[in-house]
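All remarks here apply to the structure that follows.
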Amino acid sequence: MTLQTTKTHIVHGGTLRYLKHDSAATGTPMTLSVFVPGGEGPFPVLIWLSGLTCTEDNFTTKAGAYQAAAEHGVIIVAPDTSPRGPDLKGEGVADDPAYDLGQGAGFYLDATQAPWAAHFRMESYVTGELIDLIDAEFPTTGVRSISGHSMGGHGALTLALKHPDLFRSVSAFAPICSPTRCPWGEKAFTAYLGEDRAAWDRHDAAKLIAAGAAPGVYDDILIDQGDADSFLTDQLKPELLQAAADAAGQKVTIRLQPGYDHSYFFMTSFIADHIAFHAERLKA
């Protein structure tokens with residue numbers, strides 16, 4: 001695997017790179033951005049997963065995260081949200097005209113159904129290939145945390161719960177807390193995973209916690225949610241995650257922020273808190 005740098009910027013004394021590489025996991029080119037603080041390192045890593053319709057660029061340009069990352073000495077890695085075409089054979093990658101399925105809507109799982117299974121392998125990409133690539137190419141300490149927004153918050157929670165050996169901590173902004181019980185998740189899971197709802201449960205943070213995932217691994221899970229978020233009631237449902245956590249004895253701190261919506265204006269207001277939350281645990 002060869003990482004190709006497409007753009008470089010200096011920001012808050014560190015270096016932000018936009019990169020691309022050919023992915024064995026997805027069979028497509030994949031893009032990402034990586035911020036490395038100033039200094040020699042090594043540094044711990046925070047992987048950021050973005051939401052529906054986003055690329056590696058949304059968080060980079062809108063979240064305002066790099067000052068806090070520089071202050072705490074944390075590398076931030078932001079991959080794209082899905083494979084995109086053409087693939088490495090020059091053939092098309094499956095897509096859908098709707099914003100909530102297909103390219104830009106990978107849901108951080110490995111699809112099992114045609115036509116998605118050939119390339120939509122974002123769980124394998126993030127938890128395997130991406131981590132290996134970052135550790136090989138950048139001055140990391142070999143420890144990492146994970147966070148994300150909306151669909152990416154779902155991804156951060158589920159990947160942390162399913163792969164607790166990979167992550168020191170997990171947080172999320174406005175995550176899809178129980179995708180098996182909301183329209184976004186039901187649509188995506190039917191397409192990507194088929195009709196077997198037992199397979200869906202393995203990608204549902206609330207149900208993973210209820211089933212006892214990652215017991216004793218995470219001392220806390222930090223979630224920020226705006227109470228003016230238009231998706232709160234129908235799609236995000238943090239109350240289901242809280243109920244599962246309470247029943248399982250998993251500490252979850254859900255901060256319902258008054259007046260905030262689903263946008264990056266919300267995230268930029270609280271991103272420094274999340275970076276500090278992870279930095280404390282990454283250095284422990």
Side-chain angles (χ1 to χ4, degrees), residues 23 25-28 30 47-56 58-59 78-85 87 92-127 130 146-163 170 172-211 213 223 225 229-238 240-241 244 262:
S23 169
T26 67
T28 67
M30 291 296 294
I47 295 176
W48 173 269
L49 304 181
S50 290
L52 290 167
T53 76
C54 292
T55 70
E56 75 283 356
N58 296 76
F59 176 82
D80 198 356
T81 55
S82 78
R84 302 179 193 266
D87 66 12
V93 173
D95 199 8
D96 189 276
Y99 77 96
D100 54 356
L101 188 67
Q103 294 180 36
F107 272 82
Y108 303 102
L109 52 76
D110 288 353
T112 60
Q113 305 298 303
W116 313 103
H119 301 110
F120 280 69
R121 298 181 51 80
M122 290 301 292
E123 180 173 358
S124 290
Y125 176 71
V126 172
T127 62
L130 179 66
I146 192 166
S147 186
H149 169 239
S150 193
M151 177 188 72
H154 141 77
L157 292 170
T158 57
L159 296 185
L161 292 166
K162 293 176 70 178
H163 304 274
V170 55
F173 286 84
I176 304 171
C177 291
S178 189
T180 63
R181 291 174 280 188
C182 77
W184 277 340
E186 290 172 353
K187 178 179 180 178
F189 286 6
T190 299
Y192 296 147
L193 302 172
E195 299 291 341
D196 180 7
R197 296 185 75 95
W200 296 15
D201 290 350
R202 294 192 288 273
H203 303 278
D204 182 307
K207 291 192 173 183
L208 286 168
I209 289 175
I223 294 172
Q225 172 64 63
D229 189 324
S230 61
F231 302 114
L232 176 59
T233 301
D234 293 337
Q235 302 283 12
L236 306 178
K237 302 186 177 183
L240 297 178
L241 188 72
H262 198 70

Can you tell me how far the [atom1] atom of [X] sits from the [atom2] atom of [Y], to the nearest 0.5 Å?
X      : Y      : atom1 : atom2 : result
Leu241 : Cys177 : CG    : SG    : 4.5 Å
Leu236 : Gln225 : CG    : CD    : 5.0 Å
Phe59  : Thr81  : CZ    : OG1   : 14.5 Å
Asp80  : Ser50  : CG    : OG    : 8.5 Å
Leu208 : Leu161 : CG    : CG    : 5.5 Å
Thr26  : Tyr125 : OG1   : OH    : 7.5 Å

Would you call [X] and [Y] a side-chain contact if the rule is heavy atoms closer than 4.5 Å?
X      : Y      : answer
Ile47  : Leu49  : yes
Phe107 : Met122 : no
Leu232 : Pro238 : yes

* Would you please name every residue forming a salt bridge (charged side-chain N to carboxylate O under 4.0 Å, His left out) with Asp204, sequence neighbours left out? =>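 Partners of Asp204 under the salt bridge (charged side-chain N to carboxylate O under 4.0 Å, His left out) test: none.
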* Name all residues meeting the salt bridge (charged side-chain N to carboxylate O under 4.0 Å, His left out) criterion together with Arg202; count only those two or more places apart in sequence or in a different chain, and write none if there are none. =>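 Listed in chain order: nothing, the list is empty.
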* Give the C-alpha distance, both sets of side-chain angles, the deciding distance and a yes or no for ring pair (Phe, Tyr, Trp, His ring centres under 6.0 Å) between His262 and His149. => CA-CA 9 Å; His262 198 70; His149 169 239; 4.5 Å; yes
Main-chain N/O of [Y] paired to [X] side chain as donor or acceptor, under 3.5 Å:
X      : Y      : answer
Lys237 : Cys182 : no
Gln235 : Trp184 : yes
Ser82  : Gly104 : yes
Asp201 : Ala198 : no
Thr180 : Trp200 : no

* Could you pull out all residues at least two apart from Tyr108 that satisfy ring-ring contact (aromatic ring centres under 6.0 Å, His included)? =>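 For Tyr108 there are no ring-ring contact (aromatic ring centres under 6.0 Å, His included) partners, ignoring immediate neighbours.
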* Asked: In chain order, what residues pass the ring-ring contact (aromatic ring centres under 6.0 Å, His included) check against Phe120, with sequence neighbours excluded?
  ->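 In terms of ring-ring contact (aromatic ring centres under 6.0 Å, His included), with neighbours along the sequence ignored, Phe120 is linked to Trp116, Tyr192.
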* Asked: Hey, mind stepping through Phe189 and His203 against side chain to side chain contact (heavy atoms under 4.5 Å, CB included) and telling me if it holds?
  -> CA-CA 9 Å; Phe189 286 6; His203 303 278; 3.7 Å; yes
* Run the side chain to side chain contact (heavy atoms under 4.5 Å, CB included) check on Leu159 and Glu123 step by step: do they pass? -> CA-CA 7 Å; Leu159 296 185; Glu123 180 173 358; 3.5 Å; yes
* To do: Not counting sequence neighbours, list each pair that qualifies as a salt bridge (Lys or Arg N to Asp or Glu O under 4.0 Å) and has a residue in residues 100-112.
  =>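 Residue pairs passing salt bridge (Lys or Arg N to Asp or Glu O under 4.0 Å), neighbours aside: Asp100-Lys187, Asp110-Arg121.
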For [X] versus [Y], what's the shortest heavy-atom pair and its separation?
X      : Y      : answer
Leu101 : Ala191 : CD1-CB, 3.7 Å
Ala172 : Gly153 : CB-CA, 3.8 Å
Leu193 : Ala199 : CD1-O, 4.1 Å

* Positive for side-chain contact (heavy atoms from CB on, under 4.5 Å) with His163, one of Thr127, Thr158, Val126, Ile146 ->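 Running side-chain contact (heavy atoms from CB on, under 4.5 Å) over Thr127, Thr158, Val126, Ile146 with His163 returns exactly one hit, Thr127.
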* To do: Under the side chain to side chain contact (heavy atoms under 4.5 Å, CB included) rule, what do His119 and Gln103 come out as? Steps first, then yes or no, please.
  => CA-CA 10 Å; His119 301 110; Gln103 294 180 36; over 6 Å; no
* Decide side chain to side chain contact (heavy atoms under 4.5 Å, CB included) for Ile176 and Phe231; before the verdict, give the C-alpha distance in whole Å, the side-chain angles of both, and the deciding distance to 0.1 Å. => CA-CA 9 Å; Ile176 304 171; Phe231 302 114; over 6 Å; no
* Asked: Can you name the residues that form a side chain to side chain contact (heavy atoms under 4.5 Å, CB included) with Gln113, not counting sequence neighbours?
  ->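 Result, side chain to side chain contact (heavy atoms under 4.5 Å, CB included) vs Gln113: none returned.
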